[in-house]
Amino acid sequence: MQKPIRTLIALLAVAAIVLSFAACGKTAGTDATDPTATAESVSASDTSAPAGTTAAATPADAARAALSEAIAGARAYYDSIKNDEAFAQIADDLDTRLQRAEALLASSSTTADALTTAASDVAAALSAAKEQADAAGNSAAEDGQNPVMNYVGDYECDRCSITIEADGDTDAKITVHWGSSATEATVWTMSGRFDPDTKRINYSDSTKTVMNFEGEEEKDTVVYENGVGRIQFLDDGKLEWQDEQEIDTVRGMVFESIG
C-alpha cells in the first residue's frame, strides 16, 4: 500500500514542476519574445505624425508670422523717411521700437503672448510715426515750405525710375526714365501742383521723348506733348504713376523710394 502512495506523490510532484515551467515560458514569451505584443506596444506609444506630413502651426508660429509682417511694413515706412531731416527724430524713435521687436523675433524662446504684444507695439509705433510725419509736413507747409519736399527723391520699379523735385512753393517737377536697351531710353517730363491732402500731383503737360544713343550723337524724338496723368503717393513710402496716354504700360506699377 505504501509503494502505490509514494508513486502517486512522485507523479503529482512531476506534474507540478511541468506546469510551473509552462507558466514561466508563457510569461517570458509574452513579455520578451512575442513579436505581436512588441509591435502593439510600439504602435500604442508612437504618437508622431506620419512620414511626409507637416505638423500644424502653433500659436507661437502664427504670432511670429504676424510680428514679421508688422516689422516689414514699418521698416518700409522707416526707409521712406529716414533720410529726411524733417523726420529725423520720428525715424529714430520708430527705428528703436523696430530693433526691440526684431530682437524678440530673432529669439527662439519668445512666447506667443510676447510676440503678439510686440506686433501690437510695432503697429502702434507705425501709426504714431505717420501721424507725426503728417503733422510735420503740414507745419512745414504753413511755414512756407513746399509740402512736396517731404516726398522728393528717386523712386524705382523694374527698369523705370521717377525723380520728384520741388518747384516753387507748391509745385513739383517729375522726370520719368525708362531704359529700353543700352542704346535707347524713353523719358517723360511733366510738372504740376502737389496737393498735400490727397498726396497727389496732377499734370497736363507731359512730354514723351525717345532718346537714341547709337553713333556719336544723341538723337531725340518727341512722341507727344501735353500728356495728362497724376502721381499718387502712398502711405508706405511708395508711389503709383497713372498716365492717360500710357494706361496699359504703367497699370499696376508701384514705385519704391530709393533715396
Side-chain angles (χ1 to χ4, degrees), residues 57 59-157 162-166 169-172 174 193-202 230-242 253-259:
D61 292 333
R64 191 174 296 277
L67 176 56
S68 179
E69 183 177 355
I71 289 174
R75 270 291 170 209
Y77 184 74
Y78 166 79
D79 289 338
S80 72
I81 66 172
K82 65 181 180 181
N83 295 322
D84 193 324
E85 293 184 1
F87 303 144
Q89 187 59 54
I90 300 171
D92 286 346
D93 292 343
L94 180 58
D95 184 42
T96 298
R97 302 287 289 274
L98 284 172
Q99 288 184 34
R100 293 173 184 170
E102 287 165 347
L104 288 174
L105 185 64
S107 175
S108 60
S109 61
T110 307
T111 64
D113 288 343
L115 292 167
T116 300
T117 299
S120 297
D121 289 345
V122 169
L126 175 58
S127 179
K130 288 181 177 180
E131 290 180 3
Q132 293 169 9
D134 287 344
N138 293 335
S139 176
E142 293 173 0
D143 291 340
Q145 175 181 296
N146 188 332
V148 83
M149 285 296 297
N150 298 325
Y151 301 92
V152 298
D154 296 320
Y155 299 78
E156 188 176 76
C157 179
I162 297 178
T163 299
I164 306 294
E165 301 174 275
D169 294 333
T170 59
D171 292 357
I174 307 160
R193 181 179 294 272
F194 173 70
D195 185 341
D197 293 328
T198 62
K199 300 178 181 179
R200 181 182 302 159
I201 305 168
N202 292 308
R230 65 205 60 83
I231 297 293
Q232 179 65 61
F233 294 97
L234 308 178
D235 289 336
D236 54 1
K238 302 176 183 178
L239 66 79
E240 290 181 341
W241 175 30
Q242 303 164 359
M253 295 183 70
V254 177
F255 293 76
E256 297 189 16
S257 173
I258 57 174

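- Arg97 places none of its side-chain heavy atoms less than 4.5 Å from the side chain of Val122.
- In this structure, CG in Asp195 is found 8.0 Å from CG in Asn202, a value given to the nearest 0.5 Å.
- Using the six-membered ring where Trp is involved, Phe194 and Tyr151 have ring planes that are tilted, between 30° and 60° apart.
- Atom CD of Glu256 is separated from atom CG of Asp154 by 13.5 Å, given to the nearest 0.5 angstrom.
- Going from atom CD1 of Ile164 over to atom CZ of Phe255 covers 10.0 Å, rounded to the nearest 0.5 Å.
- Partners of Arg193 by side-chain hydrogen bond (donor to acceptor under 3.5 Å, both in side chains), not counting sequence neighbours, listed by chain and number: Thr170.
- Judged as a salt bridge (Lys or Arg N to Asp or Glu O under 4.0 Å), the pairs with a partner in residues 62-76 (not counting sequence neighbours) are, in order, Arg75-Asp95, Arg75-Glu102.
- In the displayed structure, Asp169 atom CG is contacted under 6.0 Å by at most 12 heavy atoms of other residues, nucleotides or ligands.
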Could you walk me through whether Lys199 and Asp235 pass the salt bridge (Lys or Arg N to Asp or Glu O under 4.0 Å) check? CA-CA 9 Å; Lys199 300 178 181 179; Asp235 289 336; 3.2 Å; yes
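- A search for side chain to side chain contact (heavy atoms under 4.5 Å, CB included) contacts involving Ile81 returns Tyr77, Phe87, Ile90, Ala91, not counting sequence neighbours.
- How far OG1 of Thr163 is from CD1 of Ile258: 7.5 Å, rounded to the nearest 0.5 Å.
- Partners of Ala114 according to the side chain to side chain contact (heavy atoms under 4.5 Å, CB included) rule, which considers only residues two or more places apart in sequence or in another chain, are Thr110, Thr111.
- Atom-to-atom distance recorded for Ser109:OG and Leu104:CG is 9.0 Å, nearest 0.5 angstrom.
- In this structure, Ile231 CD1 and Ile162 CD1 are separated by 4.5 Å, a value rounded to the nearest 0.5 Å.
- Not counting sequence neighbours, Tyr155 has no partner by the ring pair (Phe, Tyr, Trp, His ring centres under 6.0 Å) test.
- Applying the ring pair (Phe, Tyr, Trp, His ring centres under 6.0 Å) rule to Tyr78 yields no partners; only residues at least two apart in sequence or on another chain are considered.
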